[in-house]
Structures are given as structure tokens and as C-alpha cells.
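Numbers for residues simply follow the sequence, beginning at 1. What you see below is based on every heavy atom in this structure, not just the backbone, and it leaves out hydrogens, waters and symmetry mates.
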Amino acid sequence: MAEQDARDPEHLTTTTEQGRFCVAHCTCGWRGPARRARSQARTDATRHADRP
């Protein structure tokens, strides 16, 4: 399941499941680390999108 955050049109983030892990991705090309906790992957995505 993918989740999307539409705060900044330049930074649309999603999270995807990869086996036991969840990874955050952004339309700008950024990719977060693989996390076991979905909530941590979402936090990574939020922090990335909130950067100026």
C-alpha cells in the first residue's frame, strides 16, 4: 500500500512496503532508509517534505 502526502507539489512523498520493511520515496528522487516501522518511514517522508 502506498501513502501520499500533498504538502508541497515539488515533494510528493509515498511509502511502499518491501517485504518486512517500509521505504519512503519522493518525486524529487529522494529515498529514505528501509524501516521496520511504517510510522518511522512516514516520519522520514514528513521531515524530507518539510525541508526548505
Side-chain angles (χ1 to χ4, degrees):
M1 179 167 95
E3 296 179 22
Q4 194 164 4
D5 184 356
R7 292 180 192 181
D8 183 350
E10 295 179 15
H11 293 279
L12 297 176
T13 58
T14 58
T15 57
T16 56
E17 306 264 339
Q18 294 180 348
R20 295 181 180 177
F21 297 92
C22 188
V23 180
H25 301 271
C26 183
T27 55
C28 75
W30 173 86
R31 181 178 184 269
R35 303 286 193 173
R36 286 187 186 251
R38 289 180 196 96
S39 61
Q40 187 60 50
R42 286 190 296 266
T43 299
D44 293 341
T46 300
R47 287 182 180 161
H48 169 74
D50 287 345
R51 290 183 187 172

When you measure from the side chain of Thr27 to the backbone of Leu12, do you find a donor-acceptor pair of N or O atoms at a distance under 3.5 Å? yes

Taking all heavy atoms of Thr13 and all of Ala49, pick out the closest pair and write down the distance. CG2-CB, 4.4 Å

Of the non-hydrogen atoms in Thr15 and Cys22, which two are nearest, and what is the gap between them?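 Minimum heavy-atom contact is CB-SG, 3.8 Å.
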
Return the NE2 to SG distance between His11 and Cys28, rounded to the nearest 0.5 Å.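 Reported to 0.5 Å precision, the distance equals 5.0 Å.
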
Nearest 0.5 Å please: distance from the NE2 atom of His25 over to the OG1 atom of Thr16. 3.5 Å

What pairs meet the salt bridge (charged side-chain N to carboxylate O under 4.0 Å, His left out) rule with one or both residues in residues 25-35, with sequence neighbours excluded?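 Salt bridge (charged side-chain N to carboxylate O under 4.0 Å, His left out) check on residues 25-35 returns Arg35-Asp44.
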
May I ask you to decide if the ring planes of His48 and Trp30 are parallel, tilted or perpendicular, using 30° and 60° as cut-offs? parallel

With sequence neighbours left out, the residues meeting side-chain contact (heavy atoms from CB on, under 4.5 Å) with Arg20 are Arg36

